[in-house]
2 protein chains.
Amino acid sequence: MTAKNMTRAAFFVLTALADQPRHGYGILRETEELSGGEVQLRVGTLYGVLDRLTADGLIVLDREEVQQGRLRRYYRLTDDGVAALDAEAERMAAGAGAAKRRIAEGRRVRPAAEGPAGLEPPTAPGLAGGYA
Amino acid sequence: MTAKNMTRAAFFVLTALADQPRHGYGILRETEELSGGEVQLRVGTLYGVLDRLTADGLIVLDREEVQQGRLRRYYRLTDDGVAALDAEAERMAAGAGAAKRRIAEGRRVRPAAEGPAGLEPPTAPGLAGGYA
DNA sequence: TCGATATATATCGGCAGGCGATATATCATG
DNA sequence: CATGATATATCGCCTGCCGATATATATCGA
């Protein structure tokens, strides 16, 4: 929707890889654990995301291991990946802050009441805080 | 990807409506202004989102006005809408915080260097902070 | 020993949703 | 008189998420 709009799935994958390299299945488990089970990154989503992030140069294949007869393919963030994740986190924090502020701002005019709108016409139109 | 996963566009619309009722075109301008031009909610996106949010009971048609021969259709948040936006803001802030923390955590092992991985095998696997 | 579950990879088709393009209409500005 | 801002709305393309499915090995309980 914006310039380089990162998908949620991509964000979660990058976050899971931010502290150390992980393999696909590890990313799945880490994401779920990290969010207390709230976020569930799906298998069907994972590999597409991994391919796209690799193509975009945000992650790279770190190494391959064979543990107990099972292949593990480890990915890690590139410098670009770290930067992208950092920027996205910044944007999210800013957006969350803006939303919170505006909810509070609206609470003055809208104290859980119904009816066409606030009683007095809104004071100023757009002065708002801005995301950043 | 999670339980009730709200789209970005929906988030921006709800945020734009959080302080006062607005009409479609106003939402577009407000979103752009609010983010310093970084976020551009598209016209082709807007009305679908508006319909979906209405169907979900997160916003309602507040009123219709005719200003200088042009129709303005104002929407406002419902209580559910406020709650949903608040919850989403919380999730975003938590996610952003987790990402930031993990980036810092990884910086210890990955000081902008390249090579298969950190020198010593990562100390502990998953103790992480968790989103919330 | 057999079935279920966890670990681990990967693909495919359906469907939701964002976006560019397009259409229509009014008003202000150059 | 044309352009651009304001204001609504629709349509088709394409990206991307997800459920289902496939394959293979190891573990554990019945």
Side-chain angles (χ1 to χ4, degrees), chain A residues 1-14 16-17 21-33 35 37-56 58-59 61-75 88 125-126, chain B residues 1-14 16-17 21-33 35 37-56 58-59 61-75 88 125-126:
Chain A
M1 167 186 334
T2 315
K4 342 95 226 276
N5 123 46
M6 177 184 305
T7 67
R8 267 206 227 297
F11 173 78
F12 289 131
V13 169
L14 292 184
L17 292 177
R22 289 176 200 279
H23 60 281
Y25 195 77
I27 294 173
L28 254 32
R29 279 190 287 97
E30 180 67 11
T31 301
E32 184 160 13
E33 185 191 330
S35 68
E38 247 200 277
V39 178
Q40 274 202 311
L41 185 61
R42 300 306 173 132
V43 198
T45 308
L46 181 67
Y47 295 95
V49 175
L50 248 21
D51 289 346
R52 256 169 278 136
L53 289 176
T54 300
D56 291 349
L58 301 187
I59 64 175
L61 182 61
D62 187 67
R63 67 191 190 274
E64 286 180 341
E65 285 180 9
V66 178
Q67 294 269 327
Q68 299 156 314
R70 296 188 206 99
L71 176 64
R72 286 181 173 181
R73 191 166 282 137
Y74 285 80
Y75 294 88
E88 181 68 12
Chain B
M1 161 190 338
T2 314
K4 340 97 225 280
N5 124 45
M6 176 183 305
T7 66
R8 269 208 228 295
F11 173 78
F12 289 132
V13 169
L14 292 184
L17 292 177
R22 291 176 200 277
H23 61 280
Y25 195 77
I27 294 173
L28 254 30
R29 278 191 288 96
E30 180 67 10
T31 300
E32 183 160 14
E33 185 190 331
S35 67
E38 247 199 276
V39 177
Q40 274 202 311
L41 185 61
R42 299 305 173 134
V43 199
T45 308
L46 182 66
Y47 294 97
V49 175
L50 249 23
D51 288 346
R52 257 170 277 138
L53 288 177
T54 299
D56 291 349
L58 301 187
I59 63 175
L61 183 61
D62 187 68
R63 67 191 191 275
E64 286 179 341
E65 286 179 7
V66 179
Q67 295 268 328
Q68 301 157 310
R70 296 189 207 100
L71 176 64
R72 287 181 172 181
R73 191 165 281 137
Y74 285 80
Y75 293 88
E88 181 67 11

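Protein chains get the first letters and strands the later ones, always in sequence-line order, with residue 1 at the start of each.
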**Prompt:** Do A/Tyr74 and A/Leu61 have side chains that get closer than 4.5 Å, going by heavy atoms?
**Reply:** no
**Prompt:** Is there side-chain contact between A/Glu32 and A/Arg29, with heavy atoms separated by less than 4.5 Å?
**Reply:** no
**Request:** Take the protein atom NE2 of B/His23 and the nucleotide atom P of D/dT6, then report the distance between them rounded to whole Å.
**Result:** 9 Å
**Asked** How would you list, by chain and number, every residue that makes a salt bridge (charged side-chain N to carboxylate O under 4.0 Å, His left out) with A/Arg72, sequence neighbours excluded?
**Response** none
**Request:** Compare side-chain N and O positions of A/Thr7 against OP1 and OP2 of D/dC17 and report whether any pair is under 4.0 Å apart.
**Result:** yes
**Message:** I need the OH-P distance between B/Tyr25 and D/dG4, as an integer number of Å.
**Reply:** 13 Å
**Request:** Compare every heavy atom of A/Arg22 with every heavy atom of A/Ala16, then report the nearest pair and how far apart it is.
**Result:** O-NE, 2.8 Å
**Request:** Kindly give the heavy-atom pair with the smallest separation between A/Val39 and A/Phe12, and that separation in Å.
**Result:** CG1-CE1, 3.5 Å
**Message:** Quick check: do B/Leu50 and B/Ile27 have side-chain heavy atoms less than 4.5 Å from each other?
**Reply:** yes
**Asked** To the nearest angstrom, how far is A/Asn5 atom CG from D/dG16 atom C1'?
**Response** 11 Å
**Prompt:** Roughly how far apart are B/Phe11 CZ and B/Thr31 OG1, rounded to 0.5 Å?
**Reply:** 10.0 Å
**Item:** d(CZ, A/Phe12; P, D/dG16) in whole Å
**Value:** 16 Å
**Request:** Specify the separation, in whole Å, of atom CG of A/Leu71 and atom C1' of D/dA26.
**Result:** 15 Å
**Message:** Could you tell me how far apart A/Leu41 (CG) and D/dG19 (P) are, to the nearest whole angstrom?
**Reply:** 11 Å
**Complete:** The residue among B/Val49, B/Val43, B/Thr45 that forms side chain to side chain contact (heavy atoms under 4.5 Å, CB included) with B/Tyr47 is B/Val43
**Request:** At under 4.0 Å between heavy atoms, which parts of nucleotides 20-26 of chain C does protein reach? Answer with one letter per nucleotide, 5' to 3': B base, S sugar-phosphate only, - none.
**Result:** BB----B
**Prompt:** Looking only at heavy atoms, which two atoms of A/Leu71 and A/Glu64 are closest? And how far apart?
**Reply:** CD1-CB, 4.2 Å
**Message:** So if I take residues 46-56 of chain B and measure heavy-atom distances to DNA chain D, which residues fall below 4.0 Å?
**Reply:** B/Tyr47
**Request:** For B/Arg29 and D/dG4, give me the distance from atom CZ to atom P, rounded to whole Å.
**Result:** 18 Å
